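Scroll down for the structure; my scribbles are underneath it.
Everything numeric in this text was worked out from a predicted model, so none of it was measured. Here is how names work: the chains are called A, B, and so on, in the same order as the sequence lines, proteins then strands, and each is numbered from 1.
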2 protein chains.
Amino acid sequence: MPLYTTDSLKAELNEKGWRLTPQRETILKIFQNLPEGNHLSAEDLFDLLESQGEQISLSTIYRTLKLMARMGILRELELAEGHKHYEINQPYPYHHHHLICVRCNKTIEFKSDAVLKVGTKTSQKEGYHLLDCQLTIHAVCPTCQRSLLPL
Amino acid sequence: MPLYTTDSLKAELNEKGWRLTPQRETILKIFQNLPEGNHLSAEDLFDLLESQGEQISLSTIYRTLKLMARMGILRELELAEGHKHYEINQPYPYHHHHLICVRCNKTIEFKSDAVLKVGTKTSQKEGYHLLDCQLTIHAVCPTCQRSLLPL
DNA sequence: TCAGGATTGTGTATCCTTCTCAATAAAGGC
DNA sequence: GCCTTTATTGAGAAGGATACACAATCCTGA
Ligand SMILES: [Mn+2]
Ligand SMILES: [Mn+2]
Ligand SMILES: [Zn+2]
Ligand SMILES: [Zn+2]
């Protein structure tokens, strides 16, 4: 999971016969400059771009998010029901995991060298090329434990 | 993450003013008897029940899967694009994780006391009530690394 | 500069999941 | 057991995130 620059992104795309487009470059930059702890859905990204004057179609956004996740540049997260969230995939020691309340979706990030090591070794042992390794803890936060709401 | 019986399921449901129905009991038994390594989607479960002469509506299946996941009885897994898979949520030492090829969805299960410990301690430390803790490794399997297919 | 082919944008299609609501049937008190 | 309350079910319709089709665009390498 290297850190990507415009150049290294172009290089990796071209190597496979693909192309670096302004849209892809823009989207990469958005995620690179996103403060840690922020996670964007496709719509979030669309709105964020619009608010910055950039205009990228939803189709392209969906295609780019999936492409970059498949390349290991972005991580695809299941932080809420019904839609995915994305964040930049950072290497050690910035790599982190998520503790999620299944009721209110409050999310806490935490790091663990031990878990990253397990992920690295397991994929290595099986001959898999590692893209992303994420520990997801589903739980009920203190606030929601007290609430009497159903489910 | 205790092991559930019909009685303990009924007790936990009733405690919250909910009810044990034949449908819920049937679905729990399906997952309890599912061989390790098997994961069912909603449709899989619907078809499996039908093949056994049982008839439970898709609506009820979706509701029950979500309910049991929220209770910590089932684990909700993202093993493929577009739909979720479920399996029984087993405690130590049966608890396990998944290594998934993002190209062909081939899945390998593996165990890790270290990861389970991180999950337990992290949720404890934050005061969260733990439901499920799963390390998901996204990677490319040896076969798909060799293939020249796009993406 | 140019040709070839990957990529984009728009509109449309797909399909997993949730919703609505009348009918049914658990739970608990008697 | 019987009854009341109300959670749950089933059938169909609706919703909504994501994928698709295709003509127009524009990267890339020669
Ligand atoms: Mn994060
Ligand atoms: Mn499994
Ligand atoms: Zn919460
Ligand atoms: Zn594969």
Side-chain angles (χ1 to χ4, degrees), chain A residues 6-28 39-47 49-50 54-71 74 76-86 102 105 148-151, chain B residues 6-28 39-47 49-50 54-71 74 76-86 102 105 148-151:
Chain A
T6 295
D7 283 345
S8 70
L9 174 62
K10 176 167 161 52
E12 189 163 333
L13 286 168
N14 290 348
E15 186 191 349
K16 290 171 179 151
W18 304 337
R19 295 171 183 176
L20 178 65
T21 63
Q23 291 88 342
R24 287 175 179 171
E25 192 177 341
T26 297
I27 289 174
L28 175 63
H39 308 101
L40 300 181
S41 68
E43 288 257 352
D44 291 339
L45 178 55
F46 181 81
D47 294 342
L49 286 165
E50 197 171 44
E54 308 267 357
Q55 192 88 18
I56 300 183
S57 75
L58 255 184
S59 279
T60 296
I61 286 180
Y62 275 107
R63 281 185 293 234
T64 304
L65 290 174
K66 172 167 282 189
L67 174 72
M68 291 187 173
R70 293 291 186 94
M71 293 175 72
L74 297 180
E76 208 168 54
L77 308 173
E78 302 288 336
L79 302 180
E81 299 273 309
H83 60 278
K84 299 185 175 102
H85 283 90
Y86 294 82
V102 299
N105 289 334
L148 295 174
L149 294 173
L151 248 177
Chain B
T6 296
D7 284 344
S8 70
L9 174 61
K10 176 168 160 52
E12 189 161 334
L13 287 169
N14 290 347
E15 184 191 349
K16 289 171 182 153
W18 303 338
R19 297 170 183 176
L20 178 64
T21 63
Q23 290 88 340
R24 288 174 177 171
E25 191 178 341
T26 298
I27 290 174
L28 176 62
H39 309 100
L40 300 180
S41 68
E43 288 256 353
D44 291 339
L45 178 54
F46 181 82
D47 294 342
L49 285 165
E50 196 172 45
E54 309 265 358
Q55 193 87 17
I56 300 183
S57 75
L58 255 185
S59 282
T60 296
I61 286 178
Y62 275 106
R63 281 186 294 235
T64 304
L65 289 174
K66 172 167 282 190
L67 175 72
M68 291 187 173
R70 292 289 186 95
M71 295 174 70
L74 298 181
E76 209 167 54
L77 308 172
E78 303 288 336
L79 302 180
E81 299 274 309
H83 60 280
K84 299 184 176 103
H85 284 90
Y86 295 83
V102 299
N105 290 333
L148 295 177
L149 294 174
L151 249 176

- Message: Using a 4.0 Å heavy-atom cut-off, does Q55(B) contact any base of the nucleic acid, only the sugar-phosphate backbone, or nothing at all?
- Response: sugar-phosphate

- E43(A) near the nucleic acid: base, sugar-phosphate alone, or nothing, with a heavy-atom cut-off under 4.0 Å? nothing

- Item | Distance, rounded to the nearest Å, where E81(B) contributes CD and dA17(D) contributes C1' | 12 Å

- Item | First of N14(A) and R24(B) reached from the 5' end of DNA chain D, by closest nucleotide | R24(B)

- Base, sugar-phosphate alone, or nothing: which one does R63(B) contact when heavy atoms must sit under 4.0 Å apart? base

- Message: Rounded to whole Å, please give me the gap between CD in Q23(A) and P in dT25(D).
- Response: 14 Å

- Expressed in angstrom and rounded to an integer, what is the separation of I61(A) atom CD1 from dG9(C) atom P? 9 Å

- Interatomic distance, L9(B) CG vs dA26(C) C1' [rounded to whole Å]: 13 Å

- Which comes earlier along DNA chain D counting from the 5' end, the contact point of W18(A) or that of S57(B), where each point is its nearest nucleotide? S57(B)

- Message: Should the side chain of S41(B) and the base of dC16(C) be counted as holding a donor-acceptor pair, with the cut-off at 3.5 Å?
- Response: no

- Query: Contact class for S59(A) (heavy atom, under 4.0 Å): base, sugar-phosphate, or nothing?
  - Reply: base

- Query: Atom NZ of K16(A) to atom P of dT7(C): distance rounded to whole Å?
  - Reply: 12 Å

- Message: With each end axis built from five pairs of C1' atoms, what bend angle do you get for the helix from dT1(C)-dA30(D) to dC30(C)-dG1(D)? Round to 10°.
- Response: 60°

- Note on the structure: Result for 5'-nearest mapping on DNA chain C, choosing between T21(B) and H83(B), is H83(B)

- Query: Which part of the nucleic acid does L58(A) contact within heavy-atom distance under 4.0 Å: base, sugar-phosphate only, or nothing?
  - Reply: nothing

- Task: Have a look at K10(B) and say if it touches a base, only the backbone sugar-phosphate, or nothing, with a 4.0 Å heavy-atom cut-off.
- Result: sugar-phosphate

- Item | Atom pair distance, as rounded to whole Å: OH in Y62(B) and P in dA11(D) | 16 Å

- Item | Trace of the side-chain contact (heavy atoms from CB on, under 4.5 Å) decision for K84(A) with E81(B) | CA-CA 11 Å; K84(A) 299 185 175 102; E81(B) 299 274 309; 4.0 Å; yes

- Message: Expressed as a whole number of angstroms, how long is the span from D44(B):CG to dC16(C):C1'?
- Response: 13 Å

- Would you please test W18(B) and L67(B) for side-chain contact (heavy atoms from CB on, under 4.5 Å) and show each step? CA-CA 11 Å; W18(B) 303 338; L67(B) 175 72; 3.7 Å; yes

- Message: Using whole Å, what does the distance between atom C1' of nucleotide dT18(D) and atom CD of E78(A) come to?
- Response: 13 Å

